[in-house]
Amino acid sequence: MPKLTKGNSMFGAGASPGIMSCIAGRLLCDTFLCSRDLLKEVSYSLTQLAKNQLHKDRKEIAPQDIPSMFQKLESLIELIECAQQDAWLSLELMFHLSVIPLTHQLTKLSGNLWGKTLQGARAQRVEYLLLHAFHEQKYINPDKTSAHANEAKDQRLPKRRIDAGSADRNAEEFGGDDAKLETDHVKGKKGPAYAGGLVLEPKRGLYDKYILLLDFNSLYPSIIQEYNICFTTVEKTTDGSIPHLPSFKEIGVLPKLLRDLVERRKRVKQMMKNAPRIKLQQHDIHQQALKLTANSMYGCLGFSNSRFYAKPLAELITLQGREILQRTVDLVQNNLNLEVIYGDTDSIMIHTGLDDIEKAKSIAVKVTQEVNKKYQCLVIDLDGLYKRMLLLKKKKYAAIKVQFRNDIPYEVIERKGLDMVRRDWSLISKEIGDFCLNQILSGGSCDDVVESIHGALVKVREEMKNGEIQLEKYVITKTLTKQPEAYPDGKNQPHVQVALRMKQNGSCTGFSPGDTIPYVICCEQGTSSAGSSGMAQRARHPDELKDNGKWIIDIDYYLSQQIHPVVSRLCASIQGTSPERLADCLGLDSTKFQRRPNYAADVDHSSLLLGSVDDCERYEGCEPLVISCPSCSSSFDCPVVVTSFCGSTDDETVSPAREKPERNFWQSLRCPRCPIDGDMGRVSPAMIANQVKRQADHFLSLYYRNTMTCDDETCNYTTRGLNLRASGDFERGSVCPNYPHCNGHLLKKYTEADLYKQLSYFCHVLDTEKCLQKLNMEASARMSLETSLSRIRPVVQMAASVVSKMRDRCAFGWINLSDLVVAV
DNA sequence: ACCAGGAGCGC
DNA sequence: AGGCGCTCCTGGT
């Protein structure tokens, strides 16, 4: 009798040999594995799949509840019905994904075993495809070699860069007599074995003119055909360098195979045009299978355990890919005078600067014609027309894509690589992120967008504090890659901790690699989140909170670690806000959110409260608060209130307040240049308030003057954003008028962030409360300082409240001119 | 302030 | 039991 175990449980995959032997002769379709292959979901639980794919609800039963359900007839029947429903759902899922027809086609194409195709086995499919192809041409195929043939190669450093030098590879590279058999890239090796695709540095920002997305159809298969790359055509090199392109005239086996696949696909697609409805889906699956097969060949050339492993060929292919992309960029920029803003491996994005979709399309036609002239097999094509786009980083962007159905345009939001599309963020942060993205792409004015984002943050914080957010929205999902016990640093991994505890208390039987673990970050009731224990120790399964009041959601964690970073990244190139201000809206200490080093090369040099704890740095670049004497009409820089009193010496260099005589201004409230005695030089609270307000007004008008400068230093174009619509709009998208001679963008010279920082500095100068809290001093010193400050407080109160009101207005993204008429 | 290691994406 | 390129997070030093 075979052992009916769960399977080897590696990634929860497949059935054990025991089970397989019981169903010998039958096909096993594991819908879990199929779904993981064919779909992109945050979780592949049957519940989740049924909901998202089949739009059906599945009743969940906890494993520990099952025994008790046998006790009563009704609950037993319920259990049976649930089991039955699960079976039907699995079956329905299989049909929904067309698993059977698709794997059937794939198997027919490659000539392997259907059962293996159902298990995934992509490498094996290609192996059989090539075995058949070479056999047909009367070649003798290479033997399959074991994976650890060349174990003695660990002299190579792990993670070493592939471009660091290829000289050290001579000995091992072609030591054997057959390049096809090299097993260089042994299992377990981490670093890449060769260079891959080219990724262009994106020109970050928000674009509101049409963007063209052009890409080469099936780049790597096309390269193989274009340059006749094959085992039979490429000359081997002896020094480990990348081989040259073949001059061989006769078509190689791989190119021929691919050509056949492409032609068959063309024929099938042709047939689809006049096919009866019932045949349509069948053809479509056939067509998909042909494409999948063609595209998976390259991957297996670079797979070190493959029978047809051929690093030189894979390297040659990717090298051609990089050169083709670079040539295309050069052609588009230099010959066609268009701006390429991004590109990845086989695609380029072109900023047309046009509002007219038809004109944009005609540019696409022109570009594709020019590029396609140069190649026989390779074809570049228009793949997307973006009305607006937010380009954040390499492989991270979102856009409003305009598509057509029967010539009727409609818009779809496409999101690539952003936090929201990743499974390892909580739903609440994804929802907020989605909201912000929609706002940013909405086309509304900058002020409106910033206002609504800030408003949403304030609102969500309120809701979180009031406990109005469902528990589900806090759930974070992560995948186990090992057995939970097998993690060396399991103490630090929240999902590992949760899995271990669940197994311990018997709420489940255990976990396998590949399982996804849901958890929420909590804190013990009554303690603050900043408590000593690490985050992993505070992770709990959502169910652990439902019947236990001891652990509650750690709101601070979610505000600062889940919501803030997500929103902050989305807004990185949006003028009018900053990480600090977003933190303010979330009620976080804004000084803790300094610009991270990896944002250093970012567009926004004009920023912001670079919240280093050091005030000197934080307010770097701010203009001093100037007080002018009513009597002698001389003026001086106003010192910081607290600094004058506690006499701290270490900020002698605080930029705006460095002159000595002024240091004791706050003690005497007199002009330092006037005679000590007499009534001359007395400065009244109203005067201070008036002067503060006047200077704040000055910076405000500087902001409203809206001077714009090109961000390309060599260009220096400067203008005023006269156009009102444009002035409220996202400046990042407006290309320098010197274009195409300059590829820069216009930026506000004095941004809202600058204004905010300046006003914050004024607040800081006049502050009599917050600074005090930050100072660590003895109780006696604190007392005397308190006394001094309480004397000053009424004097500065008026000025401080005027400027702090303005600052707060600014902080929420709308500056209301009417508020500036303040009675003094 | 760096580095290593892992997830998880994009292509 | 395809590949590489690129953020990000986390913990450790």
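In what follows, chains carry the letters A, B, and so on, assigned in the order in which the sequence lines appear, proteins first and then strands, with residues in each chain numbered from 1.
- Here A:K395 does not reach the OP1 or OP2 of B:dG8: none of its side-chain N or O atoms lies under 4.0 Å away.
- Note: CG (A:L316) to P (C:dC4) measures 16 Å, nearest angstrom.
- Note on A:Y309: every side-chain N or O is 4.0 Å or more away from OP1 and OP2 of C:dA1.
- A salt bridge links A:R569 with A:D419: the closest approach of a Lys/Arg side-chain nitrogen to an acidic carboxylate oxygen falls below 4.0 angstrom.
- Taking 4.0 Å as the cut-off between side-chain N and carboxylate O, A:D260 and A:K256 count as a salt-bridged pair.
- Distances were taken from every side-chain heavy atom of A:D346 (C-beta onward) to each of B:dG8, B:dC11, B:dG10; the shortest belongs to B:dC11.
- A:L200 places its CG atom 13 Å from the P atom of C:dT7, with the value rounded to the nearest Å.
- Where A:N295 and A:V199 each meet DNA chain C at their nearest nucleotide, the meeting point lying more 5' is that of A:N295.
- Nearest nucleotide to the side chain of A:R422, out of B:dG8, C:dT7, B:dC11: B:dG8.
- You'll find that the side chain of A:R423 is closest to B:dG8, out of C:dC6, C:dC8, B:dG8.
- Within 4.0 Å of A:Y342, counting heavy atoms only, lies no atom of the nucleic acid at all.
- The ring of A:F303 has its center no closer than 6.0 angstrom to the ring center of A:Y309.
- The nearest whole Å value for the distance from the CG atom in A:N217 to the C1' atom in B:dC11 is 14 Å.
- Applying the salt bridge (Lys or Arg N to Asp or Glu O under 4.0 Å) rule to A:E226 yields no partners; only residues at least two apart in sequence or on another chain are considered.
- Between the side chains of A:Q53 and A:Q48, no donor-acceptor pair of N or O atoms lies under 3.5 Å.
- At the phosphate of C:dC6, OP1 or OP2 sits under 4.0 Å from a side-chain N or O atom of A:K394.
- When the P atom of C:dT10 is taken as reference, atom CH2 of A:W425 falls 7 Å away, rounded to whole Å.
- Between A:K393 and the phosphate of C:dC8, there is a side-chain N or O to OP1/OP2 separation shorter than 4.0 Å.
- The side chain of A:Y194 has C:dC4 as its nearest neighbour among C:dC4, C:dG5, C:dC9.
- When distances run from any side-chain atom of A:A193 to the nucleotides B:dG10, C:dT10, C:dC4, the shortest one goes to C:dC4.
- When distances are taken from the side chain of A:K40 to each of B:dG8, B:dG10, C:dT7, the shortest belongs to B:dG10.
- Side-chain atoms of A:P192 lie closest to C:dC4 of the nucleotides B:dG8, B:dC11, C:dC4.
- At whole-Å resolution of the value, CD in A:Q326 and P in C:dG5 are 16 Å apart.
- Rounded to whole Å, the distance from OH on A:Y298 to P on C:dC4 is 7 Å.
- Atom pair A:Y558:OH and C:dC9:P shows a separation of 15 Å (rounding to whole Å applied).
- Dashed line: the shortest gap from a side-chain N or O of A:R569 to OP1 or OP2 of C:dC9 is under 4.0 Å.
- Taking 4.0 Å as the cut-off between side-chain N and carboxylate O, A:D143 and A:R307 do not count as a salt-bridged pair.
- Residue-level contact check: A:V126 touches neither bases nor backbone, having no heavy atom under 4.0 Å from any strand.
- Atom OH of A:Y220 and atom P of C:dG3 are 14 Å apart (whole Å).
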